[in-house]
A.B. asks: 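Here you go, one structure.
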There are 2 protein chains.
Amino acid sequence: MSVSVKEVAREAGVSVGTVSNVLNRPEVVAPATVRKVTEAIDKLGFVRNDAARQLRAGHSRSFGLVILDARNPFFMDVTQGAQHRALENGYTVLMGASDSSLTTEQQLLDLFDQQRVAGVLISPMHSDLSRLWRIRESGTPVVLVDRGSGDRSFSSVSVNDVEGGRIAVQHLVELGRKRIAFVGGPQSIEQVRHRLEGAQSVIAGASDASLEYLPTKQLSVIEGRAAGERIVAMAPGQRPDGVFAANDLLALGILQAFVMSGKLKVPEDIALVGYDNIAFAESAVVPITTVRQPAEEIGRTAVDVLLREAEAGENAVREQFVFTPKLVIRASTTGTANAPAPSPR
Amino acid sequence: MSVSVKEVAREAGVSVGTVSNVLNRPEVVAPATVRKVTEAIDKLGFVRNDAARQLRAGHSRSFGLVILDARNPFFMDVTQGAQHRALENGYTVLMGASDSSLTTEQQLLDLFDQQRVAGVLISPMHSDLSRLWRIRESGTPVVLVDRGSGDRSFSSVSVNDVEGGRIAVQHLVELGRKRIAFVGGPQSIEQVRHRLEGAQSVIAGASDASLEYLPTKQLSVIEGRAAGERIVAMAPGQRPDGVFAANDLLALGILQAFVMSGKLKVPEDIALVGYDNIAFAESAVVPITTVRQPAEEIGRTAVDVLLREAEAGENAVREQFVFTPKLVIRASTTGTANAPAPSPR
DNA sequence: TTCGGTGATTGAAACGATTCATTTTGGGTC
DNA sequence: GACCCAAAATGAATCGTTTCAATCACCGAA
């Protein structure tokens, strides 16, 4: 079916070893021979069989990346960053979304195991990292993405989510909002817990403000809309005047519900802050104030760390990268018309 | 490093052939033996080496998918659909974005070649399908996605883009818009050409309406914003009163520019129609009227066709699926407040 | 007791690239 | 012309799984 080194060797009148050398270390082969072999390769349309290379090498030349949600532009940005940096180093990225399902996460890891990936990048569902320990013990480096490693036992590239939650709610409080609602869930997602924690820390320091927790099942536009509808349905007296959503998808959904109701004006009646600074937050009905995370940089850095760990092998040093999030202020809290200049992402 | 069938066989006291049979055809192995082997597998933590399987099988158990843009939610929806359907059939999807670069497209195909993927799904850049011919001739089925195969020489799953362009502009004309602008590009993208063609066909039939073509370099929010700014800068007398954008990302950017200028009201001064019906079109500053394509279904169907072609081998029948797009009317053309019920995607 | 026959198991070959110890080649020296 | 050495080329072994022809074990029928 497809051409192998053997046939190339025959065509070029050399041995298979030489063909392999031309492919991998042309400097040890006589120039004339290199030419002969290259010509044979072109003539026969030879394409290396990656499976055979991997089998011999013991591991593949791709990294496995497990993200939480492929529909969230934030993760696609992370993926993009990772993919580019990996490609620069001759690696490929296999991306899979766990869709916040533990089973799917396991399946993806099984898959990566079978593929003998050179490393795993993962935004894990919960704190039980035992599976990841096993993977690393079997010789595959693991880097946590968008999630710190509490005890520093894994390398990680993350953003300070507690701080992110803090600056978001701080902003709302400084605008004079008293009844704050936090919309997000499930709490099994660490990022959600941390952002909530940061929110609570602000409230604890502000005597006259309160925080209400409105749980959601997922971090999606649909769930956001549902949460928004719940808020719309509340009695005016106990309705929050500021909402902090655990991510921009939720915020977008919440905003939709508010606008559709025709009853709640943003930010006059209720201010809204999201998280991630996805491109679409800026072009929403009311441009959404949000907490920016350097998505692509997270992806790139994660691959860098993975490459270093892979190189170092057994005695690799664990690295902890923690980025600091920034508040991007837009009309959903300040009510000023759309920001005149496009904000950086 | 990692456990092989050989060690499992030793542990279980059987031959490697038997272990392989337990793995692949347990029904031909005595129940007691199956148990012994299964226990040995669990005990040693054996994980199949996919590279070795592939090598033997001659091809991998994954499909390669080349999309135009990973940041466009439309393509992520297609990917999601493809991934799910593939998984149901025991296949994996390797997704790569060509980012509208021919070189990247080639690189991805090279990669898939090396991986000996079981099939290729591609949303190709231009009409030169010679590379795809070669791939198919080497025994790998190919299905065109979101793009028809003019001469039916490839199977394809697409949407009638000419019709999509037609209904979009038809809608604008029916609303009484006379000076229509088509924003999109580059024309090397077939989808863009067809949508433009559909737009032109309407104008040709409407005596008093005109169509202006505003080219863009990409189908992105940024490019949309730039195009929008160009429109804002036009003299009021020759400014279009209706804009049809080649996709929702562009539309979102255009809308941003209009709103930011503070000079143009949508739809009063200028009506806007997008394409794709991505989730974010609905939650835009002004919810955007758009042309809906069944993204996930496209992905699913494409995998189905690929599976059929792979099964049939040499004498496979080429199949052409053409979905019909639907107009989703929102405030950016009708000006009515946000649609009360969320529209279907 | 022997002979089929069936169901279960075996083990060697094959997949294709890489590696590395070994052999060959070609110059240069004395 | 013999000898040495470096550079170049060779080819068998290896990776882990699957396949399949061959063998084995066991039971019932003759």
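To find a chain, count down the sequence lines: A is the first, B the second, and so on, and within it residues start at 1. Any value given below was found using the heavy atoms of this structure, including those in side chains, with hydrogens, waters and symmetry copies removed.
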A.B. asks: Need to verify one output field. Residue with the more 5' nearest nucleotide on DNA chain C, Ser4(A) or Val29(B)?
C.D. replies: Val29(B)
A.B. asks: Would you say Arg71(A)'s side chain and Asp77(B)'s backbone share a donor-acceptor pair under 3.5 angstrom?
C.D. replies: no
A.B. asks: Which residue lies toward the 5' end of DNA chain D, Glu27(A) or Arg48(B), if each is placed at its nearest nucleotide?
C.D. replies: Glu27(A)
A.B. asks: Examine the base of dT17(D) for any acceptor or donor lying under 3.5 Å from a partner atom in the side chain of Arg56(B), and report the outcome as yes or no.
C.D. replies: no
A.B. asks: Run the salt-bridge test on Arg318(B) and Glu309(B) with the 4.0 Å N-O cut-off and return the result as yes or no.
C.D. replies: yes
A.B. asks: Is it true that Glu11(B) and Lys36(B) make a salt bridge, defined as a side-chain N closer than 4.0 Å to a carboxylate O?
C.D. replies: no
A.B. asks: What's Val19(B) touching, base or sugar-phosphate or nothing? Going by heavy atoms closer than 4.0 Å.
C.D. replies: nothing
A.B. asks: What integer distance in Å separates Arg25(A):CZ from dT19(C):C1'?
C.D. replies: 7 Å
A.B. asks: Given atom CG of Asn24(B) and atom P of dG16(D), what is their separation to the nearest angstrom?
C.D. replies: 17 Å
A.B. asks: Would you kindly give the CG-to-P distance between Asn49(A) and dG16(D), to the nearest whole Å?
C.D. replies: 16 Å
A.B. asks: Within this structure, what is the CZ-to-P distance between Arg35(A) and dA8(D), rounded to whole angstrom?
C.D. replies: 15 Å
A.B. asks: To check you understand the geometry: which heavy-atom pair defines the closest contact between Leu111(B) and Thr92(A), and what is its length?
C.D. replies: CD2-OG1, 3.5 Å
